[in-house]
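These numbers come from a predicted model, not from an experiment. Proteins come first, then strands; the chains are lettered A, B, ... in the order of their sequence lines, and each starts at number 1.
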Amino acid sequence: MKATATTISRRDLVGNIGKGATLAAAVTVLPGKAKAALGNQSVHYAMVIDARKCTGCHACSVACKTEFEVPLGVHRSWVEYVEKGTYPDVSRSFLPRLCNQCDVPLCVPVCPTGATYKRKEDGIVVVDADICIGCKYCMQACPYDVRFINPNTGTADKCDFCLHRVTQGLEPSCVNTCQGRARIFGDLNDPDSEVAKLVATEPVTVLRQEMGTKPNVFYIGADHADESDTRVPGQYIRVDTHRPVLERR
Amino acid sequence: MQELNWGLPVIGYLFLAGVGAGAYTVSSSVLLRGGGGFGGDHFNIARFGALLAPIPMIAGTGMIIFELGTFQAAVAQGDIGLFFKWINLFLTINLSPMSIGSWVLALCILASVLYAYTFLAKESAPDDDKKGLRQGLAWVGVPLGIAVAIYTGVMLGIMPSRPFWNSPVLALLFLISSMSTGVAGILLLRAMFGKAHATATGESSSDGGKSADRATYLLASSDVLLIGFEVLAIILFIMFAKLNIGNPGYAVSIILPGGELATMFWFGVVVVGLLLPVLIELRYVVPTLLYQQPYAMPRSIEMVVCAVVLVGGFMLRYVVVLAGQMTGPMGI
């Protein structure tokens, strides 16, 4: 009897120690992790794209092209059309795309020269064209295919949330031009900002969440269907990327 | 068809750097195993490896510069400043596999050039005045060669956005393939330029021929073993991806029957690059291994075996680099 009691109490003791350790670890680690994810940045820029309001007019793509004089054949921002179903059960929706300015950007740790980095002050991921050598490693690492080689400079290029505008207090060019106000830009750290409220209250999604990149571009009502998703034989899904490379990757 | 950001220059680089790194590692280990073993024939093999190693590594590194965006812009715009922008690689070091790889590759090329220099003289011998330097560079060569062979696999393998590459087995596969193609490169050079038999050196005419064959036997049987490991690595690579759920399984189907690159992979890599050479080599190695019969592979067959191993090594890089870029994660 006694021996059994001892065994049980010993097991309980071990269990309790285990629980306590887990709890202690959770208490000490979790806030640290949350802090690390947010960084010490005072501003945390993010964009919410309400796909329900997007009409696929490409005004954002054009505004972006003019803002940066993006050369022909490459895009910082673009709009994809997603068609699916068989008549009469069909849908057609629009998916505006841009750099997700990820909290865990996969493009940054692979850069061999340190040309691409995430700005500490506002979380925007940028490319320093003076340092970049155009090795294209970041283009392979980006799960969203938002990077390209700018033919003028030979360096990697991508959307930077219109850094030159937002540092002056202006909205990014695509947000400024959006006809249906489908694109909303702001500071997630400011609880009163529209983006913070939308992210808090709407069922937002991000692209390829399973990559673990923690994107800062959130979508409302986006159709995440992809041609590779065709599970039912004969099911029709077509994606128009409106880029020279017709397929998503 | 997806956009191929990394094309032939990168494929060529992965192959050539692998051959060079493999040759350096194999040459160094043969030298360290016993510089003058088998009537000086170990030394001859080490010499062929040493003289071969820097050439493909330098050629491959030269090729990869063509793939740089800044180099292409420099050509298009005639801007000299952009030509040498790759220098930025060597102004910093970080944890990017490409950064570490660039430094390791630079060191490896430097060491292999010096190592080749110690063998340059025709009358180089195991105990000449360069012995110390040679031995030191051989000790450096084994880890450096392995590092260069393996980092390319790590470089491709760390990206979840490229599910075909995103496998730890890829680094192992590239390492084994590098060693195998390195051995093939040495054997090919030896078959092409080596003396008919060690008897020609006039050392010990009765034993010389046998010792030369014994040394070749050592390399050929190592090659059989390496190809065996490579087959194993390929099986593991496919199993890990195919038996996985989601992106890896989806991506690997491109090389499985019915996939776009299936023929290229199964014919070019597996049949031509692995099965064909291993069967030919076994035909000559097994009688020696089991029945101690004298080992004698005709030179012409030796050259064919080496050539197909090299072709297979190139095809492996070709299929892997293409497949990784033709597949992506499922869904959006």
Side-chain angles (χ1 to χ4, degrees), chain A residues 80 82 95 97 106-116 128-145 147-157 205-213 219 222-229 239 243-249, chain B residues 1-7 10 64-65 67-77 79 81-103 155-156 158-163 165-166 246-247 250-251 253 321 324-332:
Chain A
E80 294 175 351
V82 182
L95 192 69
R97 299 284 308 274
L106 296 178
C107 52
V108 168
V110 301
C111 180
T113 58
T116 192
D128 188 337
D130 289 337
I131 300 175
C132 175
I133 60 168
C135 70
K136 307 177 192 171
Y137 199 1
C138 55
M139 294 164 64
Q140 306 284 7
C142 174
Y144 307 104
D145 206 14
R147 285 173 169 259
F148 56 90
I149 290 288
N150 187 323
N152 293 337
T153 58
T155 57
D157 205 351
T205 54
V206 293
L207 300 183
R208 286 181 177 156
Q209 188 181 17
E210 75 280 7
M211 291 285 146
T213 50
Y219 290 85
D223 191 342
H224 290 260
D226 188 74
E227 278 159 342
S228 64
D229 284 342
V239 176
R243 305 167 83 194
V245 179
L246 297 175
E247 291 160 15
R248 273 180 190 154
R249 77 143 177 97
Chain B
M1 188 72 175
Q2 302 288 343
E3 191 174 19
L4 297 176
N5 293 317
W6 283 347
V10 171
I64 204 167
I65 295 198
E67 191 65 277
L68 291 180
T70 47
F71 185 86
Q72 290 163 352
V75 173
Q77 297 164 15
D79 184 344
L82 287 177
F83 268 108
F84 297 101
K85 218 177 168 192
W86 53 266
I87 292 286
N88 282 353
L89 274 177
F90 298 102
L91 300 181
T92 181
I93 184 163
N94 59 33
L95 284 178
S96 162
M98 195 184 280
S99 178
I100 297 171
S102 309
W103 282 100
M155 182 176 83
L156 300 185
I158 57 155
M159 295 179 284
S161 57
R162 296 295 192 189
W165 294 339
N166 193 9
N247 293 334
Y250 165 70
S253 59
V321 170
Q325 296 181 83
M326 288 166 71
T327 54
M330 299 168 78
I332 189 75

Task: Verdict with supporting geometry, B:M155 and A:Y137, side chain to side chain contact (heavy atoms under 4.5 Å, CB included) - done: CA-CA 9 Å; B:M155 182 176 83; A:Y137 199 1; 3.3 Å; yes

Open item on the list: With a 4.5 Å cut-off on side-chain heavy atoms, are A:V110 and B:M98 touching?
Closed with: no

Open item on the list: Rounded at 0.5 Å granularity, tell me how far CG in A:N152 sits from CD in B:Q77.
Closed with: 6.5 Å

Open item on the list: Between B:E67 and chain A, with a heavy-atom cut-off of 4.5 Å, which part of the residue counts as in contact: side chain, backbone, both or neither?
Closed with: both

Task: Contact leader toward chain B among A:G212, A:C142, A:G134, A:A222, where contacts are heavy-atom pairs under 4.5 Å - done: A:G134

Task: Nearest heavy atoms of B:P329 and A:R208, plus distance in Å - done: O-NH2, 3.1 Å

- [ ] Give the member of B:S102, B:P160, B:A74, B:A76 that has the highest number of heavy-atom pairs under 4.5 Å with chain A.
- [x] B:P160

Open item on the list: Can a donor-acceptor pair be found, under 3.5 Å and without considering hydrogens, that links the side chain of B:Q72 to the backbone of A:G154?
Closed with: no

Open item on the list: Could you check whether any side-chain heavy atom of A:P109 comes within less than 4.5 Å of a side-chain heavy atom of B:L95, counting everything from C-beta outward?
Closed with: no

Open item on the list: Taking side-chain contact (heavy atoms from CB on, under 4.5 Å) as the definition, give me every residue that meets it alongside A:D157, ordered by chain and number, with sequence neighbours left out.
Closed with: A:R76, A:F148, A:N150

Task: Atom group of A:C111 that falls short of 4.5 Å from chain B, counting heavy atoms - done: backbone

Task: Under 4.5 Å from a heavy atom of chain A, the part of B:N247 involved - done: side chain

Task: Selection from B:L156, B:I64, B:I158, B:N94 maximising heavy-atom pairs under 4.5 Å formed with chain A - done: B:N94

TODO: Measure distances from B:I65 to the heavy atoms of chain A and classify the residue's part below 4.5 Å as side chain, backbone, both or neither.
DONE: neither

TODO: Say whether, by atom type as modelled, one donor and one acceptor occur between the side chain of B:N88 and the main chain of A:T113 under 3.5 angstrom.
DONE: no

Task: Option that, when pairs with chain A are counted at under 4.5 Å, heavy atom only, ranks first among B:A73, B:G331, B:G328 - done: B:G331

TODO: Please examine the side chains of A:Q140 and B:N5, heavy atoms only from C-beta on, and report whether any two atoms are closer than 4.5 Å.
DONE: yes

Task: Residue pair B:L68 / A:K136, side-chain heavy-atom distance below 4.5 Å - done: no

Open item on the list: Please enumerate all residues that pass side-chain contact (heavy atoms from CB on, under 4.5 Å) together with B:W103, with sequence neighbours excluded.
Closed with: B:F90, B:I93, B:S99

Task: Given B:I87, B:T70, B:L82, the one that forms side chain to side chain contact (heavy atoms under 4.5 Å, CB included) with A:I133 - done: B:T70

Task: Steps toward side chain to side chain contact (heavy atoms under 4.5 Å, CB included) verdict (A:D226, B:M330) - done: CA-CA 7 Å; A:D226 188 74; B:M330 299 168 78; 6.0 Å; no

Task: Heavy-atom side-chain proximity of B:S161 to A:Y144 below 4.5 angstrom - done: no

Task: Straight-line distance of B:M326 CE to A:E247 CD, nearest 0.5 Å - done: 9.0 Å

Open item on the list: If we define contacts as heavy-atom pairs under 4.5 Å, which of A:L207, A:I149, A:V239 has the most with chain B?
Closed with: A:L207

TODO: Mind listing the closest non-hydrogen atom pair of B:I332 and A:R97 along with its distance?
DONE: CD1-NH1, 3.5 Å

